[in-house]
Amino acid sequence: MIILKTEEEIELLRQANLLVGRTLAEVAKLIEPGVTTRQLDTVAEEFIRDHGAIPTFKGFPNFEPGLPAFPGSLCTSVNGVIVHGIPNDVPLRDGDIVSVDCGTYLNGFCGDSAYTFCVGNVDEKVKHLLQTTKEALYLGIEQAVVGKRLGDIGNAVQQHCEKFGYGVVREFTGHGVGREMHEDPAVPNYGRRGNGVKLKLGMVIAIEPMITMKSRQIVFDDDDWGISTSDGLPAAHFEHTVAIGQKEADILSSFDFLEEVLRNKQN
Ligand code: MG
Ligand code: MG
């Protein structure tokens, strides 16, 4: 069942999502060769709690009953790990990429957004994968307007990525966002134009392309959480939470804070 949100509820969702954006900026400040994803996780958890929110990922139940709940406040997925990587003590190395996915629970509503960062100097081919995945996210967001359908979003993402021979992960999707982190509907990153649920005002969804360099086949990691590419090649993941708009989508999360940090680091 898709739960439609009032304007007031959308403002609360915006607050939770802006906090995710500011948390990702704190993480961006620290990303460099030698830092561990556990260090990123610690800083993120403190920042979220200091702002009166709860990290939604921490203790999140496993999709496989009986397996352990998620131990971190961030999902940190390095190189061939696509999503759901558990923060650990392995230092990031020059040339790595790391997807940082962050969730907050603030005033009864959830924020959810992810960004894939470069660590030091990254291969141009891998940078192109990241750039294309981010472009695909925004092309999907362009379709998140009243009267379009979920298939229009998925199709926009898929077409853009497959044009370059990249793989579009099928097993995991975006989702509705509200009082729960994962609500209906599922928002696939593939699909046919004009197919699927019709988009309405009040719908809030996370769009999150998970795109692989080559094969879209996935494997489950031994830690019961991580999802990796079967060929070991890198994967990218970018995510925004958006409210469906009359003329254009209202992006509730933000990359502005983190991208400002990245610009300042370059100078
Ligand atoms: Mg997420
Ligand atoms: Mg999500």
Side-chain angles (χ1 to χ4, degrees), residues 17-51 53-60 68 70-104 111-131 133-134 208 210-213 221-229 232-240 253-267:
N17 275 284
L18 287 176
L19 180 56
V20 173
R22 288 197 295 270
T23 307
L24 290 175
E26 294 302 306
V27 170
K29 289 177 189 170
L30 302 172
I31 289 184
E32 60 177 17
V35 77
T36 70
T37 49
R38 196 187 303 279
Q39 288 173 300
L40 304 180
D41 188 67
T42 301
V43 166
E45 178 171 2
E46 273 181 25
F47 189 81
I48 292 167
R49 293 192 190 280
D50 282 350
H51 288 79
I54 291 169
T56 25
F57 295 178
K58 196 155 198 168
F60 196 79
F70 195 78
S73 295
L74 299 174
C75 293
T76 52
S77 307
V78 179
N79 296 335
V81 185
I82 307 167
V83 285
H84 302 166
I86 296 176
N88 62 32
D89 295 314
V90 180
L92 293 172
R93 292 167 309 177
D94 186 61
D96 282 348
I97 56 170
V98 56
S99 150
V100 179
D101 194 346
C102 178
T104 60
D112 189 8
S113 178
Y115 196 91
T116 303
F117 294 91
C118 292
V119 183
N121 296 305
V122 168
D123 186 283
E124 287 302 324
K125 282 185 192 153
V126 178
K127 278 191 188 165
H128 186 266
L129 171 69
L130 301 190
Q131 182 62 30
T133 305
K134 194 165 81 165
E208 50 178 316
M210 291 156 250
I211 307 300
T212 64
M213 194 63 116
D221 295 349
D222 292 336
D223 64 9
D224 295 327
W225 271 102
I227 307 293
S228 292
T229 56
L233 294 175
H237 176 218
F238 288 84
E239 175 180 29
H240 269 313
S253 47
S254 176
F255 295 156
D256 291 351
F257 309 111
L258 78 88
E259 286 184 337
E260 193 189 336
V261 170
L262 297 181
R263 276 194 302 276
N264 290 337
K265 274 171 121 182
Q266 274 173 353
N267 298 333

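The structure displayed is predicted, hence computed values, not measured ones.
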What are the two closest non-hydrogen atoms of Leu30 and Val35, and how far apart are they?
-> O-CG1, 3.6 Å
Which pair of non-hydrogen atoms, one from Thr56 and one from Gly103, has the smallest distance, and what is that distance?
-> OG1-C, 2.8 Å
Run the numbers on Thr37 and Val90 for side-chain contact (heavy atoms from CB on, under 4.5 Å), then give the verdict.
-> CA-CA 7 Å; Thr37 49; Val90 180; over 6 Å; no
State, to 0.1 Å, how close Lys265 and Ala28 come at their nearest heavy-atom pair, and which atoms those are.
-> NZ-O, 2.6 Å
Closest non-hydrogen atom pair between Ala236 and Leu130, with its separation | CB-CD2, 3.5 Å
Nearest-0.5 Å distance that lies between atom CG in Leu74 and atom OG1 in Thr23 = 8.0 Å
Donor-acceptor under 3.5 Å (Thr133 side chain, His237 main chain) = no
Is a donor on one side and an acceptor on the other found under 3.5 Å between the side chain of Ser77 and the backbone of Gly85?
-> yes
Taking the six-membered ring where the residue is Trp, are the ring centres of His240 and Phe255 under 6.0 Å apart?
-> yes
Just wondering, are more than 12 heavy atoms of other shown residues or ligands nearer than 6.0 Å to CZ in Arg49?
-> yes
Which heavy atom in Asp224 sits nearest to a heavy atom in Pro68, and how many Å separate them?
-> OD2-CD, 3.5 Å
For Leu24 and Leu258, the nearest pair of non-hydrogen atoms, with its separation, is CB-CD2, 3.8 Å
Would you check if the side chain of Lys58 reaches a backbone N or O of Glu45 as a donor-acceptor pair within less than 3.5 Å?
-> no
Verdict with reasoning, Leu18 to Phe257, per side-chain contact (heavy atoms from CB on, under 4.5 Å) = CA-CA 9 Å; Leu18 287 176; Phe257 309 111; 4.1 Å; yes
Mark yes or no for whether Ser113, through its side chain, and Glu239, through its backbone, hold a donor-acceptor pair below 3.5 Å.
-> yes
Rounded distance [0.5 Å steps], CG in Asp50 versus CG in Leu19 = 10.0 Å
Hey, are Glu26 and Lys29 close enough for a salt bridge, meaning a charged N less than 4.0 Å from a carboxylate O?
-> yes
Distance-only criterion, 3.5 Å: show the donor-acceptor pairs between side-chain atoms of residues 117-126 and protein atoms not counting sequence neighbours.
from, atom 1, to, atom 2, distance (Å)
Asp123, OD1, Lys125, N, 2.8

Enter the distance from Phe70:CZ to His84:NE2 here, rounded to the nearest 0.5 Å.
-> 8.0 Å
Okay, side chain of Thr76, backbone of Val100: is any donor-acceptor separation there less than 3.5 Å?
-> no
Report yes if the side chains of Pro87 and Leu40 come closer than 4.5 Å at any heavy-atom pair, otherwise no.
-> no
Trp225 side chain reached by Cys75 side chain, heavy atoms, under 4.5 Å | no
Start with the C-alpha gap between Val20 and Ser253, add the side-chain angles, then the distance that decides, and say whether side-chain contact (heavy atoms from CB on, under 4.5 Å) holds.
-> CA-CA 7 Å; Val20 173; Ser253 47; 5.6 Å; no
Ignoring hydrogens and angles, tell me if any N or O in the side chain of Asn79 forms a donor-acceptor pair with the backbone of Leu233 under 3.5 Å.
-> no
Does any N or O in the side chain of Asp41 come within less than 3.5 Å of the main-chain N or O of Ser73, such that one atom is a donor and the other an acceptor?
-> yes
Do Asp101 and Phe57 have side-chain heavy atoms sitting under 4.5 Å apart?
-> yes
Over 12 non-hydrogen atoms of neighbours within 6.0 angstrom of CG in Asn264 = yes
Distance col, row Ile48:CD1 vs Ile54:CD1, nearest 0.5 angstrom, shows 10.5 Å
dist Asp221:CG -> Ile227:CD1 (nearest 0.5 Å) comes out at 7.0 Å
Set of residues satisfying ring-ring contact (aromatic ring centres under 6.0 Å, His included) with respect to His128, sequence neighbours excluded = Phe164, Tyr166
Check the pair Leu92, Val98 against side-chain contact (heavy atoms from CB on, under 4.5 Å), reporting the backbone distance first and the verdict last.
-> CA-CA 8 Å; Leu92 293 172; Val98 56; 4.2 Å; yes
Student check: side-chain heavy atoms of Ile211 and Leu129 closer than 4.5 Å | yes
